[in-house]
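The sequence lines fix the lettering, A, B, ..., with proteins before strands; numbering per chain opens at 1.
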Protein chains: 2
Amino acid sequence: MNKQVLPKSSEAEIEFGEMGHSLGLLLRLSQLRVFEVFYEKLSHHGLKPGEFTVLWLISLNPDAKQGDIARRIHIKPAHMTKLVSRAVDAGLVERVIPEDDRRSVRLRLTQAGERFVTEKKREFTTYLADENIGLSDSDFSELVRLLRVFNGMEDPK
Amino acid sequence: MNKQVLPKSSEAEIEFGEMGHSLGLLLRLSQLRVFEVFYEKLSHHGLKPGEFTVLWLISLNPDAKQGDIARRIHIKPAHMTKLVSRAVDAGLVERVIPEDDRRSVRLRLTQAGERFVTEKKREFTTYLADENIGLSDSDFSELVRLLRVFNGMEDPK
DNA sequence: AGAAAATGTTTTCCATGGATAGTATTTTCG
DNA sequence: CGAAAATACTATCCATGGAAAACATTTTCT
């Protein structure tokens with residue numbers, strides 16, 4: 001038998017105190033958790049979380065302005081440019097400059113882009129729900145509902 | 001009278017569809033929202049969100065190892081080094097190297113650090129609760145509870 | 001019409017935080 | 001005991017995304 005049962009070394013447990021109820025900290029930890037599952041399950045498609053979201057939005061809002069989509073999901077124009085360029089290089093998206101207002105850039109999916117989104121749609125909207133996440137189905141939807149209220153996307157019921 | 005009532009330009013509304021129920025996207029938007037309020041209300045103290053959290057944890061867990069604290073809140077050792085160095089430079093934290101195991105670094109608050117934490121504690125734990133956030137008090141605590149379950153910090157009740 | 005303002009995107013530069021490798025110290029094991 | 005492994009922190013380099021300015025085009029105002 002081993003000398004002691006200490007699992008690893010000491011693994012000293014750190015107390016959170018009231019900080020364990022801080023919304024900010026909880027949101028950060030949750031997001032890291034989601035990223036973990038995302039990369040574990042979907043990384044083989046070669047897309048980052050925000051990239052699929054943008055493809056999805058373009059598919060739902062064809063010919064929307066690049067800036068409008070960026071603003072809606074709070075990604076900065078500078079970053080949007082790079083993100084869209086990668087999608088264009090990958091052959092999933094095309095930029096269209098309308099004749100009547102040549103300041104703006106409209107986005108639409110290419111054939112390949114459409115195919116990609118319809119094929120992967122289900123996988124990208126359910127990768128978490130399937131996961132054993134510690135939450136019952138009803139708690140999961142309640143969590144989503146509360147976050148939607150928090151973001152002004154839904155009335156408090 | 002103006003020619004038209006269009007509020008700004010067109011401000012074309014972007015549809016989210018099912019993506020509006022994506023936990024990942026909702027978490028990201030929520031976190032941005034919290035950061036916004038944080039910087040609006042607390043930036044004058046010159047601390048970033050993670051920095052106050054670390055001070056708090058040191059205060060609750062005096063002489064904890066630098067690495068243990070980092071691991072607990074999922075910040076990487078490399079980043080922890082820089083973060084702690086800034087706190088040391090600011091005179092809030094001191095590093096102690098214990099004689100019996102000189103590989104590790106223990107952290108503790110200086111006098112000034114203790115004073116800072118006790119003075120600001122309330123402000124940093126309540127800056128969101130006061131805020132008009134669209135959630136009733138009970139929904140707010142329910143949200144916190146669900147996030148705690150999601151992070152394995154609490155049993156599903 | 002022409003100058004000034006507004007709109008929308010892209011370019012350049014910078015801050016943040018992570019990955020990898022390096023250094024120092026202690027522990028383990030032949 | 002001495003070499004190898006383990007532990008813990010730090011230094012260097014890199015990727016991501018944002019800020020500010022530059023650029024191009026269109027609209028407004030006199």
Send over the distance from [X] [atom1] to [N] [atom2], rounded to a whole Å.
| X | N | atom1 | atom2 | result |
| --- | --- | --- | --- | --- |
| A/I75 | D/dA19 | CD1 | C1' | 16 Å |
| A/L107 | C/dG8 | CG | C1' | 12 Å |
| A/Y39 | D/dA15 | OH | P | 14 Å |
| B/I97 | C/dT23 | CD1 | C1' | 13 Å |
| B/D101 | D/dT7 | CG | C1' | 8 Å |
| B/F35 | D/dG18 | CZ | C1' | 14 Å |
| A/I73 | D/dG18 | CD1 | C1' | 15 Å |
| B/Q31 | D/dG18 | CD | C1' | 16 Å |

task: Flag the pair B/I73 / B/V54 as yes when at least one side-chain heavy-atom distance between them is below 4.5 Å, and no otherwise.
output: yes

Note, B/L29 side chain near A/R148 side chain (heavy atom, < 4.5 Å): no

- prompt: Looking at B/F124 versus B/H45, is the centre-to-centre ring distance below 6.0 Å?
  reply: yes

field: Strand-adjacent residues in residues 76-87 of chain A, judged by heavy atoms under 4.0 Å from DNA chain C
entry: A/P77, A/A78, A/T81

When you check the phosphate oxygens OP1 and OP2 of [N], does a side-chain N or O of [X] lie under 4.0 Å from one of them?
| X | N | result |
| --- | --- | --- |
| B/R106 | D/dC9 | no |
| B/R71 | D/dT7 | no |
| A/R102 | D/dT25 | yes |
| B/K48 | C/dT16 | yes |

- request: Find which nucleotide of DNA chain C each of A/V105 and B/D100 is nearest to by heavy atoms, and output the residue with the more 5' nucleotide.
  value: A/V105

- prompt: Using 30° and 60° as the class limits, which term best fits the ring planes of A/F38 and A/Y127: parallel, tilted or perpendicular?
  reply: perpendicular

A/F116 six-ring face occupied by A/K120 cation (under 6.0 Å, within 45°): yes

query: In terms of side-chain heavy atoms of B/Q66, which of C/dG8, D/dA8, D/dC9 is nearest?
result: D/dC9

- prompt: Of the nucleotides C/dT9, D/dT26, D/dT7, which has the atom closest to the A/S104 side chain?
  reply: C/dT9

query: Within the side chain of A/N151, is there an N or O that forms a donor-acceptor pair under 3.5 Å with the backbone of A/L147?
result: yes

Return a table of donor-acceptor pairs under 3.5 angstrom between the side chains of residues 78-89 of chain B and protein atoms on other chains or two or more places apart.
{"unit_1": "B/T81", "atom_1": "OG1", "unit_2": "B/P77", "atom_2": "O", "d": "3.2"}
{"unit_1": "B/S85", "atom_1": "OG", "unit_2": "B/T81", "atom_2": "O", "d": "2.8"}
{"unit_1": "B/S85", "atom_1": "OG", "unit_2": "B/R95", "atom_2": "NH2", "d": "2.8"}
{"unit_1": "B/R86", "atom_1": "NE", "unit_2": "B/E51", "atom_2": "OE2", "d": "3.1"}
{"unit_1": "B/R86", "atom_1": "NH2", "unit_2": "B/E51", "atom_2": "OE2", "d": "3.3"}

